[in-house]
Amino acid sequence: MASIVAQFLNGLASASTLFLIAVGLSLIFGVTRIVNFAHGSLYMLGLYAAYSLIDRFGPTPLGFWGGVIGAALLVGALGALVEVAILRRIYRAPELFQLLATFALVLVIRDAVLWHWGPEDLLGPRAPGFAGSVAILGKPFPEYDLLLIAVGPLVLVLLWLLLNRTRWGTLVRAATQDREMVGALGVNERWLFTGVFALGAFLAGLGGALQIPREPAQLFLDLTAISDAFVVVVVGGMGSIPGAFLAALLIGEIKALCIGLGTVTVGGVAISFSKLTLVVEFIVMAIVLIVRPYGLLGKPLAMQRGAGAPVELPARPDGRAMALAGLAVLAALAALPAAGTPYAVVLAIDILVFALFAASLQFIMGPAGMVSFGHAAYFGLGAYGAALLLKRAGLPMEATLALGPLVAALGAALFGAFVVRLSGVYLAMLTLAFAQIVWSIAFQWDAFTGGSNGLVGVWPSGWLSGKTAFYFLTLACVAAGVFLLRRIHFSPYGYALRAGRDSPLRADAIGLDIGRLQWVAFVIAGAFAGVAGALAGYSKGSISPEVMAVSRSVDGLVMVLLGGVQTLSGPLVGAAAFTWLQDTIARNTEYWRAILGATILFIVLAFPQGIVGQLAAWLGSRDRGAPEGMVGWRRRRA
């Protein structure tokens, strides 16, 4: 009984932390409609800032609690500065470009933290007056955790009072429902948005600062925190603060239950529930979204209200000039091994692999209109499928290159059946949930997948042992894959897919099964991502769970957005630019992430359609005669 109570209280303490991380993100999204990928970085900054302030003023009651509040205020001020300097310029850009801008901030903030605090983990002192423990049913329980249990409900009550008993809160709630009307009534939307963003950043910083006695400040807390925050916000319902609190309670208690159960033997089979803590929140999210697509307390209209971003015009078939340019690029790539260095060949293989990966992601983002936060799952399934067939089944490399992508396609078919039922951020988050489930299986199934060590010795056949020979194989596979994707894009199926994206009611009225069209697109994209994954595995000679981590999915999104979502050559250019920049900058400076992030920010502001999309718009080939598009957004912004 004592153990059950202790785990229940641990779950409540974890729930308070999760709520503090997530509530600011939910508040920001509810008003600005920005999915702030940098929210986890603000949480991390709160932890680091609290460490420095407490270290400076001493671990006295005034120094400790003053450091905690001071860190939260500093993060809140930084959030206001970011909103004014960057985000205010892109509110009417498509949501994906806003996401890309906040991801760039993640890179900049991480290297800023590395420069100022260094790479070592920093553990702060215990809280004065809460350093001991109390006996609960004969078992000690930390006093500080009891304090955290009270903080979550206290913040919820204070937010309720702020939003329901003040004029500012009334304006925030009104902006959540219809921000155009709020602006029409004479309210200064800009400063309202700045205030909301500052409050959300303050809450994230407070959540991080309060963790200083419990966990060290680490550079990788940003991605961990944003994953947890996304899960809580989506399970609770985007923009719903009570929903975020309910979801935090649910996930916190389920994780505590898994830890408490440990390993249980059922019918002679040992089941390790403690290992589920890595992925249980994503399992919960997947179940909730399948049963209730808009979260526990979310509303279906929440994703459709507010200032809608203009939509890019669909891509058109290439003319003769573009076809000749493509052939010229292909010829140049074929001549690369003779003219370039061995390192250039290795880098070119990576670029080609990620070009196909990005092209497969663009296929569901462009014509299908579905955003995936977990596309790396199919990249990884293709890689692991080929490697396991080679290592465990003893099949030749040539056969595994064909069967590995089939494994990815089967995974996409299974997950896609649930994903296509959703839309918007909910769809994207369900893809993330499935990807994390696949990642956790690869990470923890030591006997089959090699666990965290992965699989080594995944080498091509003898006739492909040289890098030059494998380069030509990769070039042939990628060229064929890109060509097939383009043919599908402009086939009758591709036009039907775009009809379902642009006008679902009309498409349904003429008899198109939009769900089936999108599901097929999901399977096709998964298969081609699997081809890229299988090629990546053989090019490196090993496979690890990192090939399907969240960061790989984000890299794919960045590549597509850098090149241009609605351009077929955009993902290829974006993949080449991103991979080359990452490799070049990383070899020359320790702070390559900051430079890469600053470059991405510049591209977002200067090329809102992506590199290829903006060049095409400047040439007038894609907006001629269009009533509204991304060029229109640029003109309105100017």
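- Closest heavy-atom contact between Ala534 and Ala386: CB-CB, 3.9 Å.
- Remark: Thr102 OG1 to Ile109 CD1 distance equals 10.0 Å, nearest 0.5 Å.
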In a table with atom names and distances, give each donor-acceptor pair under 3.5 Å that connects a side chain of residues 370-384 to protein atoms at least two apart or in another chain.
unit_1 : atom_1 : unit_2 : atom_2 : d
Ser372 : OG     : Gly374 : N      : 3.2
Ser372 : OG     : His375 : N      : 3.2
His375 : NE2    : Ser360 : OG     : 3.0

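- Considering only residues two or more places apart in sequence or on other chains, Phe230 meets the ring pair (Phe, Tyr, Trp, His ring centres under 6.0 Å) condition with Phe37.
- When the side chain to side chain contact (heavy atoms under 4.5 Å, CB included) test is applied to Asp228, the partners found at least two apart in sequence or on another chain are Leu18, Thr224, Glu281.
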Which pairs would a plain distance check flag for residues 398-419, meaning a side-chain donor or acceptor within less than 3.5 Å of a matching protein atom at least two apart in sequence or in another chain?
unit_1 : atom_1 : unit_2 : atom_2 : d
Glu398 : OE1    : Ser461 : OG     : 3.4
Glu398 : OE2    : Ser461 : OG     : 3.0
Glu398 : OE2    : Trp463 : NE1    : 2.7
Thr400 : OG1    : Met397 : O      : 2.7
Thr400 : OG1    : Tyr538 : OH     : 2.5

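- Taking 4.5 Å as the limit, some side-chain heavy atom of Leu114 sits within range of a side-chain heavy atom of Glu590.
- Considering CZ of Phe522 and OG1 of Thr431, their distance stands at 6.0 Å, rounded to 0.5 Å.
- The closest side-chain heavy-atom distance from Leu485 to Ile524 is below 4.5 Å.
- Screening residues 380-397 for salt bridge (charged side-chain N to carboxylate O under 4.0 Å, His left out) gives no qualifying pairs among residues at least two apart or on separate chains.
- Put simply, CG on Leu107 and CZ on Arg110 are 7.5 Å apart, with the number rounded to the nearest 0.5 Å.
- The salt bridge (charged side-chain N to carboxylate O under 4.0 Å, His left out) search around Arg516 returns Asp513, not counting sequence neighbours.
- Across all non-hydrogen atoms, the minimal contact from Pro396 to Leu390 is C-CD1, 4.4 Å.
- In this structure, the side chains of Leu601 and Leu105 come closer than 4.5 Å at one or more pairs of heavy atoms.
- Residues satisfying the salt bridge (charged side-chain N to carboxylate O under 4.0 Å, His left out) test with Asp555, not counting sequence neighbours, are none.
- Using a 4.5 Å heavy-atom cutoff, the side chains of Thr584 and Trp592 are not in contact.
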Which pairs of donor and acceptor atoms, one on a side chain in residues 471-482, lie under 3.5 Å apart (sequence neighbours left out)?
unit_1 : atom_1 : unit_2 : atom_2 : d
Tyr471 : OH     : Leu333 : O      : 2.5
Thr474 : OG1    : Phe470 : O      : 2.9

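- In plain terms, the two heavy atoms of Ile543 and Ala387 that are nearest each other are CG1-CB, 3.7 Å.
- Smallest separation of non-hydrogen atoms from Leu512 and Ala496: CD1-O, 4.0 Å.
- Rounding to the nearest 0.5 Å places CD1 of Ile226 at 12.0 Å from CZ of Phe103.
- Between the side chain of Arg501 and the backbone N or O of Leu497, no donor-acceptor pair lies under 3.5 Å.
- With Ser503 contributing its side chain and Ala499 its backbone, the two residues share no donor-acceptor pair below 3.5 Å.
- Residues meeting the salt bridge (charged side-chain N to carboxylate O under 4.0 Å, His left out) test with Arg587, sequence neighbours left out: Asp583.
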For Met429 and Leu422, run side chain to side chain contact (heavy atoms under 4.5 Å, CB included): C-alpha distance rounded to whole Å, both residues' side-chain angles, the deciding distance at 0.1 Å, then the answer. CA-CA 10 Å; Met429 292 307 297; Leu422 307 179; over 6 Å; no
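- Residues His489 and Arg498 come closest through the heavy atom pair O-NH2, 3.2 Å.
- Taking OH from Tyr343 and NZ from Lys467, the interatomic distance works out to 12.0 Å, rounded to the nearest 0.5 Å.
- Asp111 places a side-chain N or O within donor-acceptor distance of the main-chain N or O of Arg593, the cut-off being under 3.5 Å.
- In this structure, Trp580 CH2 and Leu347 CG are separated by 9.5 Å, a value rounded to the nearest 0.5 Å.
- Under the rule for a salt bridge (charged side-chain N to carboxylate O under 4.0 Å, His left out), the partners of Lys540 that lie at least two apart in sequence or sit in another chain are Asp350.
- For the pair Leu557 and Leu100, the minimum side-chain heavy-atom distance is 4.5 Å or more.
- Nearest heavy-atom pair across Val231 and Phe282 is CG2-CE2, 3.6 Å.
- Side chains of Asn36 and Leu42 form a contact here, defined as non-hydrogen atoms less than 4.5 Å apart.
- Phe443 meets the ring pair (Phe, Tyr, Trp, His ring centres under 6.0 Å) test with Trp439; sequence neighbours excluded.
- In terms of the ring pair (Phe, Tyr, Trp, His ring centres under 6.0 Å) criterion, Phe483 has no residue partners (sequence neighbours excluded).
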Residues Met559, Leu361; criterion side chain to side chain contact (heavy atoms under 4.5 Å, CB included); working and verdict: CA-CA 9 Å; Met559 293 171 190; Leu361 178 57; over 6 Å; no
Could you go through the side chain to side chain contact (heavy atoms under 4.5 Å, CB included) check for His39 and Ile34 one step at a time? CA-CA 11 Å; His39 199 71; Ile34 284 183; over 6 Å; no
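- Side-chain atoms of Met548 and Ser553, non-hydrogen and from C-beta on, never get closer than 4.5 Å to each other.
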